[in-house]
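Structure, as structure tokens:
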Amino acid sequence: MTTALRVRPRALVSPSFSIASVDPRLLVLAGAVATSLTGSLIKLSGVEPATSTFFRCALALPILGFLALQEFRRHGGIPLRVIAAQVLGGMMLGVDFALWARSIQMIGAGISTVVVNVQVIVVPLLAWIVFRARVPLRFVVAVPFLFAGVALAGGILGGSGEGDQLFLGTLLSLAAGVAYGIYIFVTGRAGSAHRASSQVFVSTIAAGVVGTAVGSLWGTVDLTPGWPALGWLAALSLSSQVLGWVLIGFALPRLAAEVGATLLLLQPVLAMLFSIVIVHERPSIGQFAGCALVVAAVWMVTRVRPAGRRSVTARLAESPAVRPVVRRSTPSAVTVRRPAARAGGVAASRCTAHGRPVDRVR
């Protein structure tokens, strides 16, 4: 007797789509476009900072929760230290949301989005204060240009808006950038590309609570803002809080540092263009020049030499000079297991020092 084997035709097997198969450069571009709409959508909603912060976080939680559940089934739970880092970082993210939303009302969606990029100097500065890390020379050179650009964007030579309002709005944008830099500094060292949704889910909860409280300084939450405003807030939540953050968080670790940093520079540029096209803002020539200076300073800080290709997440979130420090008494106390494969020019090695794992990206 012979047994017939049933073979399923290969042509009938439908391939399953995986986001990992998409070019990470396209993912970062899509994420940059999504996040660059944030300022314009907040302005279109016409609500107070507390209301915009509450809804952008609350409407995103169901989708982020579903994505986080899928990650939990594949990779297990999140370590407590990562949860603590995401909660602390999320609190600072909430401060950023509230202050930035208020600055959008005062100086416009485009200019506030460019000014808030001051976070690129906050992360290396924190690394120097906390870890005594070496400050790169390009950072020292870029700082004067960055602040000169911020001053021009804030209307020091005149701009669209009243003087006091431009000055205060610029200060709020700077404060929001500092808060966002602290968020990157705290969460970047504990982040993982495989748990992007889970981490955003935790930080979004903390951001919603703290951001709503801070935003209440300019008015309480309006739970019935009206259907038009609710529609803009829903678009804000889905585009920026879900799509943009998850795509960027997943794709950046798979890119070389100079590629990711260059692609992310599109975000403030697109934000300025969207503010002109969508909400009809008209910045002055001096403000345009200031925005260009800010973008140039950001490029100067984030650029790296080709010989030093590193993950942009490792560089932006941890600062170029900050790496885990391993203290050892003998050379035999440290063992390194080399990775089996490389992806996107970035390889991760797993190092154990005295029985404790330390992740390094090179």
Side-chain angles (χ1 to χ4, degrees), residues 30-67 90 93-116 159-162 165-166 168-169 172-173 176 180 200-201 203-205 207-248 267-283 287:
V33 172
T35 55
S36 62
L37 288 167
T38 301
S40 296
L41 292 174
I42 289 177
K43 192 166 185 178
L44 286 171
S45 68
V47 299
E48 296 298 329
T51 303
S52 65
T53 302
F54 173 80
F55 278 102
R56 74 177 292 181
C57 294
L59 294 177
L61 286 179
I63 300 177
L64 290 174
F66 173 78
L67 296 175
L93 186 64
V95 175
D96 165 53
F97 284 170
L99 297 183
W100 186 29
R102 179 58 178 169
S103 71
I104 290 172
Q105 295 177 336
M106 304 182 73
I107 62 176
I111 296 175
S112 63
T113 304
V114 174
V115 173
V116 83
S160 56
E162 299 179 0
Q165 190 175 27
L166 288 174
L168 181 57
L172 289 176
S173 288
Y180 184 60
V200 175
F201 176 74
S203 62
T204 298
I205 295 176
V209 174
V210 175
T212 302
V214 174
S216 297
L217 294 173
W218 298 284
T220 58
V221 178
D222 183 5
L223 297 178
T224 56
W227 289 113
L230 194 59
W232 293 121
L233 292 173
L236 164 67
S237 178
L238 294 177
S239 64
S240 176
Q241 200 66 25
V242 177
L243 182 63
W245 285 52
V246 171
L247 287 180
I248 292 176
Q267 197 267 345
V269 176
L270 290 174
M272 178 66 76
L273 292 177
F274 286 145
S275 69
I276 295 173
V277 175
I278 298 177
V279 294
H280 308 295
E281 293 181 353
R282 294 294 180 266
Q287 288 176 307

Look only at the side chain of T38 and the backbone of T35, and say whether a donor-acceptor pair between them is shorter than 3.5 Å.
-> yes
If you round to the nearest 0.5 Å, how far is CZ of F274 from OG of S40?
-> 8.0 Å
Spacing of I278 atom CD1 and L41 atom CG [to the nearest 0.5 Å] | 6.5 Å
Is there a donor-acceptor pair under 3.5 Å between the side chain of T204 and the backbone N or O of V200?
-> yes
Looking only at heavy atoms, which two atoms of L247 and G31 are closest? And how far apart?
-> CD1-N, 4.1 Å
Sub-3.5 Å donor-acceptor pair from the side chain of T212 to the main-chain atoms of V209, do we have one?
-> no
For V210, what residues pass the side chain to side chain contact (heavy atoms under 4.5 Å, CB included) criterion, not counting sequence neighbours?
-> M91, V95, V214
Output all residues satisfying side chain to side chain contact (heavy atoms under 4.5 Å, CB included) with L238, sequence neighbours left out; order by chain, then residue number.
-> I63
Sorted by chain and number, sequence neighbours left out, salt bridge (Lys or Arg N to Asp or Glu O under 4.0 Å) with E281 holds for K43
Distance-only, no hydrogens or angles: does the T51 side chain make a donor-acceptor pair with backbone N or O of V221 under 3.5 Å?
-> no
Side chain to side chain donor-acceptor pair (under 3.5 Å) contacts in which one or both residues fall within residues 226-237, not counting sequence neighbours = none
Can I get a per-line list of side-chain donor-acceptor pairs under 3.5 Å for residues 100-107, giving both atom names and the distance, sequence neighbours left out?
residue: W100; atom: NE1; partner: S112; partner atom: OG; Å: 3.3
residue: R102; atom: NH1; partner: Q105; partner atom: OE1; Å: 2.8
residue: S103; atom: OG; partner: W100; partner atom: O; Å: 2.7
residue: S103; atom: OG; partner: S173; partner atom: OG; Å: 3.0
residue: Q105; atom: NE2; partner: V47; partner atom: O; Å: 3.0

Sequence neighbours left out, cut at 3.5 Å: what donor-acceptor pairs do the side chains of residues 53-61 make with other protein atoms?
residue: T53; atom: OG1; partner: P49; partner atom: O; Å: 2.8
residue: R56; atom: NE; partner: Q241; partner atom: OE1; Å: 3.4
residue: R56; atom: NH2; partner: S240; partner atom: OG; Å: 3.4
residue: R56; atom: NH2; partner: Q241; partner atom: OE1; Å: 3.4

What residues, two or more places apart in sequence or in another chain, satisfy ring-ring contact (aromatic ring centres under 6.0 Å, His included) together with Y180?
-> Y183
Write down the atom of A50, the atom of S216, and the distance for their closest heavy-atom approach.
-> CB-N, 3.7 Å
Taking all non-hydrogen atoms of both residues, which atom of S52 and which atom of L233 are closest, and how far apart?
-> CA-CD2, 3.8 Å
